[in-house]
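Shown next, in structure tokens, is the structure this report addresses.
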Amino acid sequence: MAQISLTFPDGNSRHFEAGVTPAEVAADISNSLAKKAISAAVNGRHYDLQWPITEDAEIAIHTMKDEAQALELVRHDAAHVMARAVQELWPGVKVTIGPVIDNGWYYDFDRDEPFTPEDLGAIEAKMKEIINRRDPVTTEVWERDRAIKYYEANNEPYKVELIEAIPGTEPIRMYWHGHWQDLCRGPHLQHTGQIPADAFKLMKVAGAYWRGDSNRPMLQRIYGVGFLNRDGLKQHLTFLEEAEKRDHRRLGREMDLFHLQEEAPGQIFWHPNGWRIYTTLQDYMRRQQEAGGYVEVNTPQVIDRKLWEASGHWEKYQENMFIVEVDEEHAREKTVNALKPMNCPGHVQIFNVGLKSYRDLPLRMAEFGSCNRYEPSGALHGIMRVRGFTQDDAHIFCTEDQIESETKQFIAFLAKIYADLGFEDWKIKLSTRPEKRIGTEAEWDRVEAALGTACNHAGYEFEVQEGEGAFYGPKLEFVLTDAIGRDWQCGTLQVDPFLPERLDANYIGVDGAKHKPVMLHRATLGSFERFIGILIEEHAGKLPFWIAPRQVVVASIVSDADAFVHEVVAALRARGVRAEADIRNEKINYKVREHSVGKVPVILAVGMKEVEDRSVSVRRLGEKHTHVAPLDVIVDELAAEALAPDLR
RNA sequence: GCCGCAGUAGCUCAGUGGUAGAGCGCACCCUUGGUAAGGGUGAGGUCGGGAGUUCAAUCCUCCCCUGCGGCACCA
């Protein structure tokens with residue numbers, strides 16, 4: 001038998017027979033390591049303890065102390081144990097796939113009856129039982145045909161389909177947890193007893209399409225979360241509870257910012273407090289855009305279908321558009337119009353008026369464009385995904401040569417704004433050519449590279465999403481995260497050489513001939529609605545002072561101070577601070593509590609002492625202590641703080 | 001759009017085949033209180049909408065709407 005040399009993390013090497021498994025290596029080191037081992041790293045690859053090693057390699061044996069690997073295995077085995085529990089409880093339920101995800105795993109099942117919340121409890125109990133059996137996990141590589149026949153005989157058609165999709169070069173690996181069997185690429189734990197039985201929880205059941213395809217059967221997905229110990233689970237559940245308190249829908253109600261109601265699904269009724277946030281942001285963005293070399297325009301809401309046909313929206317996007325037909329009885333001519341879902345065709349109309357020269361490029365045309373899209377009902381989500389929204393949209397008409405510098409400039413523009421708004425943590429995704437696309441490979445090569453280099457030159461990393469680009473061009477997505485870790489695309493930059501073609505936009509080049517400009521669609525915040533949602537969740541409602549809708553409440557401690565309260569409010573308002581008086585017949589404790597819950601950044605309390613020396617008692621949100629400041633000092637201080645970052 | 005769950009007072013929620021309850025909030029009164037809920041009294045509901053079963057429906061059945069969690073979608 002051939003010998004191989006295995007090198008351990010401490011640098012020592014030893015010889016073993018080729019085909020030795022990590023389990024045997026561990027046993028060779030010590031009995032206790034053999035018991036504690038969960039998997040191995042062999043030349044950097046996460047390796048099952050049972051897989052044979054056939055060549056010289058670097059090896060490390062993992063135990064539960066190797067947290068990343070342990071979590072991966074625990075969750076993966078828990079997914080299998082869950083599937084086993086389901087099949088033990090309800091024989092005949094078909095199994096499909098069950099991957100590890102953030103914080104846990106899911107497994108998709110095909111079963112006629114829906115799983116109920118009570119079922120989850122039963123499954124959890126059965127899982128604990130299986131874990132306690134400490135069933136060994138074993139594995140074999142099977143011939144493809146044998147595996148297919150096996151699954152056909154067991155009435156598991158989804159598994160057959162999975163095997164058929166595995167490339168011929170890959171082994172078909174079967175795993176057993178005791179007598180229960182599943183197709184799996186591994187690796188896995190030694191036995192089910194290595195799963196901590198008190199550190200997982202089944203969270204919810206949801207529908208999910210087989211292979212993510214809405215034309216295929218709807219399966220039932222059970223989600224679980226799992227950790228290495230009870231504390232890990234507890235921490236996660238606490239995090240979810242805390243996240244619930246940051247939910248913008250809840251804070252929107254508590255802070256009296258907006259509401260939604262069933263007569264206008266997906267559209268927002270902005271209350272005074274919410275609208276102050278909106279207009280403050282919009283004013284700020286308008287200044288940024290002016291400074292950034294944009295011109296602002298405004299275009300119609302309701303536009304004849306002819307223009308949408310020309311732009312291609314009628315064909316490609318109609319099912320997402322609100323179509324407006326004028327009643328024939330009331331109109332001399334019946335026309336079919338659509339509410340604009342995007343601003344681009346309108347902007348091209350403005351570009352097209354008069355002849356443009358290369359000297360006009362790049363032309364940066366901005367609009368706070370109010371759009372309506374008929375989003376699928378299931379996609380609606382608070383104010384983050386709505387049917388009526390306003391983009392801080394702009395289209396940059398430029399030459400292909402200018403794409404890179406415009407992109408770079410835009411990223412810097414966006415980064416500054418995100419920083420001003422308190423976001424340091426965001427990421428860029430580059431979506432590249434999709435399967436269905438127009439244009440030549442060479443064109444795609446050029447524009448994708450231009451976006452990528454622009455990012456690099458601007459000093460930003462990006463994640464590539466292969467095939468996720470628009471059919472007309474690649475795009476950059478600027479992604480922010482909500483309270484429970486869901487990603488939302490906010491900013492975007494998309495290259496579009498196509499619309500100028502369709503809508504016949506031209507400029508006269510240096511050569512005196514007509515040329516087509518390239519269009520960059522770009523948005524910084526994305527939509528005010530979504531961005532405000534993220535902003536609320538990011539700050540848990542405690543918005544930066546300059547954006548806070550109610551910046552200061554001046555509260556009287558005794559009613560004899562009421563007159564001075566009004567004087568303080570007036571002084572603040574005169575300096576541009578959003579201040580309100582609270583002279584209600586309530587104790588100061590009550591007022592402090594109420595305005596703290598309402599996330600008012602500053603409470604100024606006024607009693608007789610303050611009246612006498614013309615001062616106020618200052619209490620900042622989140623701080624327990626207070627201090628007394630002379631009126632004119634605090635007015636200066638808050639007036640300075642109320643300025644937007646770009647005006648300081 | 002698909003799967004599942006839910007909809008009772010402004011909010012959070014309890015409840016019953018015989019037309020409804022709590023806490024908070026709101027109004028009024030007492031209280032003038034020094035930094036996260038002082039006390040009392042009172043008003044407030046077509047029980048999401050429609051149809052059906054029943055002597056009788058908020059409750060049971062069906063359809064629809066909206067919301068929530070996922071999936072799909074997201075120019």
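Proteins get letters first, then strands, A, B, ... in listed order; numbering begins at 1 in each. No hydrogens, no waters, no symmetry mates; every other heavy atom, side chains included, goes into these values.
Checking the phosphate oxygens (OP1, OP2) of B:C2, no side-chain nitrogen or oxygen of A:S214 falls inside 4.0 Å. Between A:R619 and the phosphate of B:A36, there is a side-chain N or O to OP1/OP2 separation shorter than 4.0 Å. Side-chain N/O atoms of A:R253 include none lying less than 4.0 angstrom from OP1 or OP2 on B:G25. Checking the phosphate oxygens (OP1, OP2) of B:C24, no side-chain nitrogen or oxygen of A:Y590 falls inside 4.0 Å. Between A:R486 and B:G70, a side-chain N or O to OP1/OP2 separation shorter than 4.0 Å is present.
A distance of about 32 Å separates the P atoms of B:G23 and B:G67, rounded to the whole Å. Nucleotides B:U58 and B:C24 place their P atoms 29 Å apart, quoted to the nearest Å. A gap of 41 Å separates the P atoms of B:A37 and B:C71, to the nearest Å. Taking atom P on both nucleotides, B:A20 is separated from B:A9 by 14 Å, rounded to a whole Å. Nucleotides B:U12 and B:C55 are separated by 37 Å at their C1' atoms, to the nearest Å. Rounded to whole Å, the separation between the C1' atoms of B:C3 and B:G25 comes to 37 Å. The gap from the P atom of B:A36 to that of B:G42 amounts to 32 Å, rounded to the nearest Å. Nucleotides B:G44 and B:G50 have their P atoms positioned 23 Å apart, rounded to a whole Å.
Nucleotide B:G18 forms a pair with B:C55, judged by Watson-Crick or G-U wobble geometry with both contacts under 3.5 Å. Across all strands shown, B:U46 remains unpaired; no Watson-Crick or G-U wobble contact has both distances below 3.5 Å. Under the Watson-Crick or G-U wobble criterion, with both distances below 3.5 Å, B:A9 has no partner in any strand shown. Across the strands present, B:C28 finds its partner in B:G40; the criterion is a Watson-Crick or G-U wobble pair with both atom distances under 3.5 angstrom. Pair assignment for B:C71 gives B:G1, based on Watson-Crick or G-U wobble hydrogen-bonding distances that are each under 3.5 Å.
Checked by distance alone, A:Q261 brings no side-chain donor or acceptor within 3.5 Å of a matching partner on the base of B:G48. Taking 3.5 Å as the limit, the base of B:G1 and the side chain of A:Y209 contain a donor-acceptor pair of atoms between them.
Atom P of nucleotide B:G1 and atom CZ of A:R387 are separated by 7 Å, given to the nearest angstrom. Distance, A:R385 CZ to B:C68 P: 13 Å, rounded to whole Å. Protein atom CG of A:D213 is 19 Å distant from nucleotide atom P of B:G1, rounded to whole Å. The distance between atom CG of A:L604 and atom C1' of B:G34, rounded to the nearest whole Å, is 14 Å. Rounded to an integer number of Å, the gap from A:E254 CD to B:C11 C1' is 9 Å. Atom pair A:K591:NZ and B:A36:P shows a separation of 14 Å (rounding to whole Å applied). One interatomic measurement links the two molecules: CZ of A:F471 to P of B:C74, which rounds to 12 Å at whole-angstrom precision. Going from atom CG of A:D487 over to atom P of B:C73 covers 16 Å, rounded to whole Å.
Salt bridge status for A:K94 with A:E161: absent, with no side-chain N to carboxylate O gap under 4.0 Å. Salt bridge present: A:E441 and A:R433 bring a charged side-chain N and a carboxylate O closer than 4.0 Å. Contact check on A:E406 versus A:R522 returns no salt bridge, with no Lys/Arg side-chain nitrogen under 4.0 Å from an Asp/Glu carboxylate oxygen. The pair A:K599-A:D256 does not count as a salt bridge, with every side-chain nitrogen at least 4.0 angstrom from each carboxylate oxygen. Between A:D213 and A:R211, none of the side-chain N atoms (NZ, or NE/NH1/NH2) sits under 4.0 Å from a carboxylate O, so this pair counts as no salt bridge. Look at A:E124 and A:K201 and you find no salt bridge, because none of the NZ, NE, NH1 or NH2 atoms lies under 4.0 Å from a carboxylate O. Comment: A:R620 engages A:E637 in a salt bridge, judged by a side-chain N to carboxylate O separation of less than 4.0 angstrom.
The residue A:E610 sits close to a base: some heavy atom pair falls under 4.0 Å. Heavy atoms of A:G212 sit under 4.0 angstrom from primed sugar atoms or phosphate atoms, though from no base atom. Within the 4.0 angstrom heavy-atom criterion, base atoms lie near A:M608. A:P114 comes within 4.0 angstrom of the backbone, heavy atoms only, and of no base. A:G382 comes within 4.0 angstrom of sugar-phosphate atoms only, judged by non-hydrogen atoms across all strands, and of no base.
Taking only side-chain atoms of A:A206, from C-beta outward, the nucleotide of B:G70, B:G38, B:C26 with the closest atom is B:G70. Comparing B:C73, B:C74, B:C71 by their closest approach to the side chain of A:A379 singles out B:C73. When distances run from any side-chain atom of A:Y223 to the nucleotides B:G70, B:A37, B:G1, the shortest one goes to B:G70. Side-chain proximity of A:R593 to the nucleotides B:G33, B:A36, B:C74 is greatest for B:A36.
Taking the six-membered ring where tryptophan is involved, the planes of A:F498 and A:Y472 are essentially parallel, since the angle between them stays under 30° and well short of 60°.
Looking at which nucleotide of RNA chain B each of A:H381 and A:F115 is closest to, the 5′-most match is held by A:F115. In terms of position along RNA chain B, the nucleotide closest to A:G622 lies nearer the 5' end than the nucleotide closest to the other residue of the pair A:G622 and A:P265.
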